[in-house]
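As the structure is a prediction and not an experimental result, all values here were calculated from the model. The chains referred to below are lettered A, B, ... by the order of the sequence lines, with proteins before strands, and numbering in each begins at 1.
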Amino acid sequence: MTLSIHNTLHRTKEVFDPISADHVRMYVCGPTVYDYAHIGNARPVVIFDVLARLLRHLYPKVTYVRNITDIDDKINAASRESGEDIRAITERTAKVFQDDMAALGALPPDIEPRCTDHVTQMITMTEQLISSGNAYEADGHVMFHVPSMAEYGQLSRHSRDELIAGARIDVAPYKKDPADFVLWKPSDDLTPGWESPWGRGRPGWHIECSAMAQTYLGDEFDIHGGGQDLIFPHHENELAQSRCANHTNGMARYWMHNGYLMAEGEKMSKSLGNFYTVHDLLDEFPGEAIRLVLLQTHYRQPLDFTKEGIAEARRTLDKWYRFNDGNQSASDAIPDGIISALSDDLNTPKAIAELHRLTADPSEESKAAFLAGAQFLGLMQQELDDWFRWSPAGATEIDEAVVDALIAERTEARLGKNFARSDEIRDELAAQGIVLEDSVDGTTWKRG
RNA sequence: GGCGCGAUGGCGGAGAGGCUACGCAGCGGCCUGCAAAGCCGUGUACGCCGGUUCGAGUCCGGCUCGCGCCUCCA
């Protein structure tokens, strides 16, 4: 099976040709842990989780690195505002992030490095950039000198002149060139800092990824991923730093970026009330339904995320859980249709259509294939009862014994043709969000 | 202003120069005491204007609308 992926570097779909077929290496930019992840942050996590699963299926060894950024001025600002210790904020937020992503069915990456553990590597890389003539120290800062790299802008396709023309902020006086960006900056006594050859300070906001990727994946690796909004400046600057420090022609062979996400037809913003954190959504919907919404749209397409969309995805999963009534086990082989769809630049909507196609055939063979395919995509992970009896956070507890007693009473009433009482019981339960289903085998219930 | 992305049937969403996408919802039917679930059947589409072609959602040009990014982040 040939894997092809869209490479942002060339803006075309290309056949994936790893540096070493024995060991595929991928780096994805992870969260800055100062606040709960919103659904836009979850999109790359789920997308690259699918890619990691696919790579592991196609290649013998895969190393997937996704960092946690725990040094950032937004974190410092959050700490100043709330008074909470920086370490406490980052630990707490990182834990919630990991739990929330697990609830979305995303497997943990192989390595999840933190910036605070890699400051030494960042300092080393910064020193390398100074000695190679690509960076300079000025006024306590170390700056990357953009004109020192001829190919700067190759990823985002911004020319240096355009950047300067479009700049929205004043140029700091210590910059040699308006396009230069920071590698290291000084910290005052109230700000976290590390000792360095340039005094006590902290890293700029791109060098972390360059340093951590180099540490775990080497000077050059296969895939670098993230959201489209990271193309510039983050990835452009990472690319420049890594190439110049490591003396390579590229950092990653393939750069992949997922499209942006809107919520309820508008850009997500707190003031519009459509700002969804994954943590809050998980109180309201099962994680698998959220995952399915994310996979139903191709990763490079814009996605309008709506609660109605999650509800619809949940109904689709209801249907799938019914189709696979809990008695099947997944076949060993992942259906070809799933693998070939995913191998075509991660065409998850097409893979999902393939799942729908398999549900049209009620044979045991098809059910086993369906289950294998769905589970490969990180879906159909629940027990049947857990899925149908899932309830939102804060919902009233259901006393199953009471429900069973009412069902028994209703069955009696139906046998006695007392349909008035029978329907009354059904309505009563429906009011509590319980839906009854009669079949030849008796009556079962689920949460509606 | 610069760079880039998107526009498909009521909704979601693939595909791609000639061939059914698919799902949801709707409608008709079967089943059911009635429902629910399930099953069968069924309608509707490619933003606008030109062009290329025997033939264009699919290629080219222009336009309209929506959106992203434009550095030490907000």
Side-chain angles (χ1 to χ4, degrees), chain A residues 8 11 32 40 72-74 77 141-144 146 153 156-172 174-175 177-185 202-207 227-237 240 257 259-262 265-267 269 292-293 295-298 300-306 308-316 318-323 325 341 344 347-357 359-360 362 388 413-420 422-423 426-427 430 434-440 443-446 448:
Chain A
T8 306
R11 310 286 153 108
T32 300
D72 187 279
D73 285 351
K74 282 184 293 242
H141 294 67
V142 180
M143 307 300 298
F144 184 92
V146 167
S156 62
R157 305 199 171 180
H158 286 312
S159 76
R160 186 188 141 277
D161 292 346
E162 287 160 8
L163 294 175
I164 294 163
R168 291 182 300 190
I169 55 144
D170 295 334
V171 176
Y174 45 80
K175 284 188 179 183
D177 186 276
D180 292 351
F181 58 90
V182 107
L183 297 170
W184 188 265
K185 55 189 167 185
R202 61 196 192 283
W205 62 302
H206 311 298
I207 193 76
Q228 208 176 62
D229 53 333
L230 295 181
I231 296 174
F232 192 89
H234 189 55
H235 285 171
E236 189 70 69
N237 291 353
H257 296 93
Y260 55 85
L261 183 143
M262 298 200 301
E266 315 225 36
K267 185 181 175 180
S269 76
L292 182 56
V293 171
L295 296 182
Q296 264 170 343
T297 299
H298 183 84
R300 285 191 286 112
Q301 288 289 111
L303 167 59
D304 183 17
F305 192 89
T306 64
E308 180 47 41
I310 315 176
E312 191 178 303
R314 190 181 173 189
R315 288 193 290 273
T316 297
D318 280 346
K319 189 177 155 183
W320 285 352
Y321 273 100
R322 271 186 223 105
F323 170 71
D325 56 21
D344 181 14
N347 193 335
T348 52
K350 200 172 180 184
I352 286 163
E354 185 64 15
L355 292 179
H356 282 297
R357 199 186 64 74
T359 61
F388 282 115
R414 290 178 71 213
L415 284 170
K417 307 272 186 218
N418 183 356
F419 298 123
S422 158
D423 290 350
R426 188 167 64 197
D427 291 346
I434 294 169
V435 178
L436 298 185
E437 294 183 5
D438 296 332
S439 78
V440 287
T443 300
T444 58
W445 65 272
K446 67 174 185 105

N/O contacts under 3.5 Å, protein versus nucleotides 6-8 of chain B?
none

Rounded distance in Å - [atom1] ([X]) to [atom2] ([N]):
X        : N      : atom1 : atom2 : value
A/Glu308 : B/rG12 : CD    : P     : 11 Å
A/His206 : B/rC73 : NE2   : C1'   : 9 Å
A/Phe419 : B/rG33 : CZ    : P     : 7 Å
A/Asp304 : B/rG13 : CG    : P     : 7 Å
A/His234 : B/rC70 : NE2   : P     : 13 Å
A/Lys446 : B/rA37 : NZ    : C1'   : 9 Å
A/Glu437 : B/rC31 : CD    : C1'   : 14 Å
A/Lys175 : B/rU71 : NZ    : P     : 9 Å

Starting the side chain at C-beta, find the nucleotide from [options] nearest to [X].
X        : options                : value
A/Val435 : B/rG13, B/rG33, B/rA36 : B/rA36
A/Asp229 : B/rC67, B/rC69, B/rA14 : B/rC69
A/Asp73  : B/rC73, B/rG33, B/rA35 : B/rC73
A/Arg157 : B/rC3, B/rA36, B/rC67  : B/rC3

* Should A/Glu308 and A/Arg314 count as an ion pair when the cut-off is N to O under 4.0 Å? ->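 Here A/Glu308 does not pair with A/Arg314 in a salt bridge, since their nearest N and O are not under 4.0 Å apart.
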* Under 4.0 Å between a Lys/Arg side-chain N and an Asp/Glu carboxylate O for A/Arg202 and A/Asp72? ->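 No salt bridge links A/Arg202 with A/Asp72.
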* Which pair of non-hydrogen atoms, one from A/Ala313 and one from A/Leu292, has the smallest distance, and what is that distance? ->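 Looking at all heavy atoms of both residues, the shortest contact is O-CD2, 3.6 Å.
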* **Least distance between heavy atoms, A/Asp180 atom then A/Val146 atom** =>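 Closest pair (atom of A/Asp180, atom of A/Val146, distance): OD1-N, 2.8 Å.
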* Could you give the distance separating B/rC48 and B/rA7 at their P atoms, to the nearest angstrom? =>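 One P to the other, the span is 13 Å.
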* Asked: Considering only the P atoms, how many Å lie between B/rU71 and B/rC3, rounded to the nearest integer?
  ->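 So the two P atoms sit 16 Å from each other.
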* Below 6.0 angstrom between ring centroids: does that apply to A/His257 and A/His235? ->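 That pair passes the under 6.0 Å test.
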* Asked: Is there a donor N/O on one and an acceptor N/O on the other, under 3.5 Å, for the side chain of A/Ser422 and the base of B/rG33?
  ->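 By the distance-only test, yes, there is a pair.
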For the atom pair [atom1] ([X]) and [atom2] ([Y]), what is the distance rounded to the nearest 0.5 Å?
X        : Y        : atom1 : atom2 : result
A/Gln301 : A/Tyr260 : CD    : OH    : 9.5 Å
A/Leu355 : A/Lys350 : CG    : NZ    : 13.5 Å
A/Leu183 : A/Ile207 : CG    : CD1   : 5.0 Å

* To do: Mind telling me if B/rG57 is syn or anti? Syn here is a glycosidic angle within 90° of 0.
  =>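 Syn.
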* Where the side chain of A/Asp344 meets the backbone of A/Asn347, is there a donor-acceptor pair that is under 3.5 Å apart? ->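 No; zero donor-acceptor contacts below 3.5 Å.
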* Asked: Where the side chain of A/Lys185 meets the backbone of A/His141, is there a donor-acceptor pair that is under 3.5 Å apart?
  ->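 No; zero donor-acceptor contacts below 3.5 Å.
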* Asked: Going through the checks in order, is the salt bridge (Lys or Arg N to Asp or Glu O under 4.0 Å) test met by A/Arg414 and A/Asp423?
  -> CA-CA 9 Å; A/Arg414 290 178 71 213; A/Asp423 290 350; over 6 Å; no
* To do: For A/Lys417, report the nucleic acid contact type (base, sugar-phosphate, nothing); a contact means any heavy atom under 4.0 Å.
  =>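 Touches nothing.
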* With pairs defined as Watson-Crick or G-U wobble and both distances under 3.5 angstrom, please note down RNA chain B as a dot-bracket string, | for pairing with another strand. => (((((((..(((.....[...))).(((((.......)))))....(((((..]....))))))))))))....
Dump every N/O contact between nucleotides 23-27 of chain B and the protein below 3.5 Å, one line per pair.
{"from": "B/rG23", "atom 1": "N2", "to": "A/Glu312", "atom 2": "OE2", "distance (Å)": "3.4"}
{"from": "B/rC24", "atom 1": "OP1", "to": "A/Lys319", "atom 2": "NZ", "distance (Å)": "2.7"}

* Asked: With respect to the phosphate group of B/rG38, does any side-chain polar atom (N or O) of A/Arg322 fall under 4.0 Å of OP1 or OP2?
  ->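 So the side chain of A/Arg322 is within the cut-off, an N or O lying under 4.0 Å from OP1 or OP2 of B/rG38.
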* Most 5' of A/Arg357 and A/Lys350 on RNA chain B, judged by nearest nucleotide ->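 Its nucleotide being nearer the 5' end, the pick is A/Lys350.
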